[in-house]
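Everything on this sheet refers to the single structure shown next.
Just so it is clear: chains get the letters A, B, ... in the order the sequence lines come, proteins before strands, and each one is counted from 1. Every value quoted in this text rests on a predicted model; they were computed, and no experiment measured them. All values below were derived from every heavy atom in this structure, side-chain atoms included, with hydrogens, water molecules and symmetry-related copies excluded.
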Amino acid sequence: MPGRLIQDPEDLAAHLAHFGVKATAALIKKWEPLYNLAPNNDALCVRQRGNRREAVMLRWGLVPYWEKDSATAKKPINARSETADQLKTFREAFRKRRCIVAATGWYEWTPGKLRKQPHCIRPAHGLPLGFAGLYENWDSGVGVTIDSLTVLTCEPNTKMAQLHHRMGCILDPAHYDAWLDPKNEDVDALKDMLRPCPNEWLTHHTVSNIVSDQRNKGASCIKPGKIAARWA
DNA sequence: CCAGACGTTGTT
DNA sequence: GTCTGG
DNA sequence: CCAGACGTTGTT
DNA sequence: GTCTGG
């Protein structure tokens with residue numbers, strides 16, 4: 001499952017065009033590649049309200065709309081695709097507030113003796129990866145708002161099963177429009193889109209444990225390598 | 001009716 | 001806000 | 001997801 | 001061991 005994300009498109013405008021949105025000048029200006037995006041950080045997402053589709057930064061970790069205090073609230077970074085349409089925390093968002101995380105990879109960790117071995121997962125053919133997500137517009141009632149999201153999960157495909165027993169739902173690009181359409185309330189059809197993507201879409205390699213410390217934000221996170229033998 | 005929970009993953 | 005449990 | 005804290009009283 | 005913070 002995605003617990004750390006990568007968003008490092010070579011060309012931001014082309015990356016967003018793949019999801020049917022234009023990169024605003026403001027976004028392009030402040031954009032920096034994210035090699036180690038952790039929970040509670042802002043992730044680059046695409047959403048649609050009415051007929052307007054937009055690229056937006058959403059905080060990873062969904063703050064339920066009824067929470068009084070966002071600081072102490074439980075903020076799930078993942079939601080099971082099998083049940084998200086029914087659970088109180090996600091039901092409304094599943095029907096009306098779906099989004100796509102415009103990613104270029106993520107990390108998984110496999111057990112080691114003393115430290116875990118991180119793996120970097122990338123699209124095999126260079127296309128962006130669109131994780132299916134749900135977002136929420138939290139309002140404190142006293143002027144503070146937070147736009148947050150959670151990533152849906154499903155069974156892994158056989159390639160990812162080597163690394164973990166869950167994976168993020170990566171949408172087929174053919175489903176982007178239907179997934180993002182807020183008027184689409186065909187829950188069965190929506191759930192059908194939340195399946196493990198084909199093995200062929202992904203490739204992965206081990207990386208050093210630099211990435212395990214979320215303060216390390218640089219490109220060295222994705223560099224092939226492994227944890228030192230003494231940790232393995 | 002009111003009170004209390006509302007989530008996932010991994011690990012044990 | 002809404003559902004579940006008691 | 002991993003890393004890091006996990007506490008109070010009193011004094012500065 | 002478990003929770004919080006990032």
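Pair assignment for dG6(E): dC1(D), on the basis of Watson-Crick or G-U wobble contacts that are both within less than 3.5 Å.
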Using residues 128-136 of chain A as the side-chain source, report each donor-acceptor pair under 3.5 Å to any protein atom, sequence neighbours left out, with the distance given to one decimal.
unit_1	atom_1	unit_2	atom_2	d
Glu136(A)	OE1	Arg97(A)	NH2	3.3
Glu136(A)	OE2	Arg97(A)	NE	3.0
Glu136(A)	OE2	Arg97(A)	NH2	2.8

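Separation of atoms CZ (Arg115(A)) and CD1 (Ile227(A)) is listed at 8.5 Å; rounding is to 0.5 Å.
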Just the atom pairs and distances: protein N or O near nucleotides 4-6 of chain B's N or O, under 3.5 Å.
unit_1	atom_1	unit_2	atom_2	d
dC6(B)	O3'	Thr89(A)	OG1	2.6
dC6(B)	N3	Trp66(A)	NE1	3.2
dC6(B)	N4	Trp66(A)	NE1	3.3

Which protein N or O atoms sit under 3.5 Å from an N or O of nucleotides 2-6 of chain E?
unit_1	atom_1	unit_2	atom_2	d
dG6(E)	N2	Gln214(A)	NE2	2.8
dG6(E)	N3	Gln214(A)	OE1	3.3
dG6(E)	N3	Gln214(A)	NE2	2.1

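If you measure from atom CD of Glu108(A) to atom P of dC1(D), you get 8 Å, rounded to the nearest angstrom.
Residue Ser81(A) is classed as having no contact, given no heavy-atom separation below 4.0 Å to the nucleic acid.
Tyr176(A) and Phe19(A) have tilted rings, their planes meeting at an angle from 30° to 60° on a 0 to 90° scale.
Using a cut-off of 4.0 Å between Lys/Arg side-chain N and Asp/Glu carboxylate O, Glu108(A) and Lys159(A) are scored as not salt-bridged.
For the pair Arg80(A) and dT9(B), the criterion of a side-chain N or O lying under 4.0 Å from OP1 or OP2 is met. In this model, the phosphate group of dT9(B) is approached by a side-chain N or O of Thr153(A) to a distance below 4.0 Å at OP1 or OP2.
The P atoms of dT9(D) and dA5(B) are separated by 28 Å, rounded to the nearest whole Å. Here, dC3(C) and dG7(B) have their P atoms 12 Å apart, quoted to the whole Å. For the C1' atoms, the distance from dC2(B) to dT8(D) is 38 Å, rounded to whole Å. Straight-line distance between the P atoms of dG6(E) and dG4(B): roughly 30 Å, to the nearest whole Å.
Evaluation of the side-chain hydrogen bond (donor to acceptor under 3.5 Å, both in side chains) test over residues 1-26 of chain A, restricted to residues two or more places apart or in two chains, returns Arg4(A)-Asn36(A), Asp8(A)-Thr104(A), Asp8(A)-Arg122(A). Within the structure, salt bridge (charged side-chain N to carboxylate O under 4.0 Å, His left out) contacts touching residues 29-41 of chain A (residues at least two apart or in different chains) do not occur.
Residue Tyr35(A) shares its hydrophobic cluster (ILVMFWY side chains chained together at separations under 4.5 Å) with Ile6(A), Tyr107(A), Trp109(A), Val207(A), Val211(A), Ile222(A).
Nearest to the side chain of Tyr65(A), among dG7(B), dG1(C), dC2(D), sits dG1(C).
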